[in-house]
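Data first, discussion second: the structure below is written as structure tokens.
This is a predicted model, so every value here is computed, not measured. Residue numbers begin at 1 in each chain, while the letters A, B, ... track the order of the sequences.
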Amino acid sequence: MNLGYACINMTLSDGIPKTKRVMTNRSMIRRTFDKMGTNYASELALLNCIDLFNILKWNKENNFSFYRLSSEIFPWSSEYKIHNLKDYDHIEMTLDAIGKFANAEGMRLTCHPGPFNKLCSHKENVVLNTIKDLETHANIFDIIGLPKTPFSKINIHVGATYGNKQKAADAFCRNFERLSDSVKARLTVENDDKASLYSTKDLYELIYKRIGIPIVHDFHHHLFCDGGLNQEEALGLAVSTWGDVKPVVHYSQSKSIEYNNPKIKPQAHSDFYWEPVNTYGHNVDVMCEAKAKEKAVIGLREMIFNKMEAK
DNA sequence: ATAGGTCAAGCGAGG
DNA sequence: CCTCGCTTGACCTAT
């Protein structure tokens, strides 16, 4: 079982001034983009790519082989073609080196495009923006040279019902056919954290049965939208959708419980972990979504290790 | 170097 | 009608 973390490495930036932090999500607000243009986006993207390599090297040294790439490596990527960027040669060289390194080390790299991706929308413009964003993620994965399988998953939520779950799920499946093979081969769906949305069971019935893409089971979300199944049943159902590829699950705990503060929404992710993950005997990779990132995962690792030692 | 206000996109829940 | 939470807190301006 590999434990992974998402996008940000806190250790590498410990005690380092803001301007020199190791980060892969340098961006800018609209006003700055209008003023500075695509060339500045290119410079930020290159810095982000170089730091991505730095994080992966840190991951190797610290025995992390599972990591989620930020979706903001290329700022304002909807406004230009990546291969037209002025620093593209350098960017491509960096991403290619990253891919060779990651593949040689057996690292698993994934991504999780944002909540604005609504493949089920009835608004054509929203769907077009979603398709564009998904294609951009796949394009980056292709440049890096990552497998065109859910091993390098591009994971999204269905995320909306518009008052009719069945109808929205139908739209999701129809629009799935408009995606390139590069996206289709990697796309996965994750259960939502609201009762009105999609449980793991809903995804199995409404999405997997129809288009066959794997389901990422999020243990924390399941607490708020269980579809009538317990954790073990839902996990088993999700695991059954992955074929030959090792399934991914998401694990986080509630910040509201962590700080004993009822004002914090129970859905919010905790900073750290206090309970080890239970995978019910399944061989899965666990993406850890705690806010303290790799620091939380190191704690979780120790917890799991101590539990094994005690046996 | 830091504090405080500001910031693309979609949706649903809660005040 | 506004804010939060999710994706991922970071940018920008003034001090």
Practice problem: For this output row, return yes or no: ring centroids of A:His122 and A:Tyr162 closer than 6.0 angstrom. | Solution: yes
Exercise. Determine, using ring centers only, whether A:His157 and A:His112 are less than 6.0 Å apart.
Key: yes
If the plane angle is over 60° it's perpendicular, under 30° parallel, otherwise tilted; pick one for [X] and [Y].
X: A:His221; Y: A:His269; result: tilted
X: A:Tyr251; Y: A:Phe219; result: perpendicular
X: A:Tyr5; Y: A:Phe64; result: perpendicular

Classify the nucleic acid contact of [X] as base, sugar-phosphate or nothing, counting any heavy atom under 4.0 Å across all strands shown.
X: A:Phe33; result: nothing
X: A:Gln267; result: sugar-phosphate
X: A:Ser71; result: base
X: A:Lys263; result: nothing
X: A:Lys291; result: sugar-phosphate
X: A:Glu190; result: sugar-phosphate
X: A:Asn129; result: nothing

Exercise. Scan residues 137-153 of chain A against DNA chain B and write down, sorted by residue number, each residue with any heavy atom closer than 4.0 Å; if none is found, say none.
Key: none
Quiz item: For A:Phe116 and B:dG10, do the ring centres fall under 5.5 Å apart while the planes stay under 30° apart?
Solution: no
Quiz item: DNA chain C: A:Cys7 or A:Ser27, which has the more 5' nearest nucleotide?
Solution: A:Cys7
Practice problem: Show your reasoning for whether side chain to side chain contact (heavy atoms under 4.5 Å, CB included) applies to A:Arg68 and A:Met287. | Solution: CA-CA 8 Å; A:Arg68 179 193 295 168; A:Met287 177 48 66; 3.4 Å; yes
Exercise. Measure from the side chain of A:Trp76, starting at C-beta and using heavy atoms only, and say which of C:dC6, C:dT7, B:dA8 lies closest.
Key: B:dA8
Quiz item: Between C:dG9, B:dA9, B:dC11, which nucleotide has the shortest distance from any of its atoms to the side chain of A:Lys293?
Solution: C:dG9
Look at the side-chain N and O atoms of [X] and state whether any lies under 4.0 Å from the OP1 or OP2 oxygen of [N].
X: A:Thr161; N: B:dG12; value: yes
X: A:Thr32; N: C:dC12; value: yes
X: A:Arg31; N: C:dT13; value: yes
X: A:Arg26; N: C:dA10; value: no
X: A:Ser78; N: B:dA8; value: no
X: A:His221; N: C:dT7; value: yes
X: A:His112; N: C:dT8; value: no
X: A:His269; N: C:dT7; value: yes
X: A:Lys123; N: B:dC11; value: yes

Quiz item: For the side chain of A:Lys265 and the base of C:dC4, is some donor closer than 3.5 Å to an acceptor across the two?
Solution: yes
Exercise. Searching all strands shown, indicate the nucleotide that pairs with B:dG12 (Watson-Crick or G-U wobble; both distances under 3.5 Å).
Key: C:dC4
Write down the distance separating the [atom1] atoms in [N] and [M], rounded off to the nearest Å.
N: B:dG4; M: C:dG5; atom1: C1'; answer: 22 Å
N: B:dC7; M: C:dT3; atom1: P; answer: 12 Å
N: C:dC6; M: B:dT2; atom1: P; answer: 27 Å
N: C:dT7; M: C:dC12; atom1: C1'; answer: 23 Å

Self-check item: A:Asn260 atom CG, over 12 foreign heavy atoms within 6.0 Å
Solution: no
Quiz item: Does a salt bridge link A:Arg21 with A:Asp51, judged by any charged N lying under 4.0 Å from a carboxylate O?
Solution: no
Quiz item: A:Lys148 and A:Asp181: salt bridge (charged side-chain N to carboxylate O under 4.0 Å, His left out), yes or no, with the steps?
Solution: CA-CA 8 Å; A:Lys148 289 187 187 182; A:Asp181 290 342; over 6 Å; no
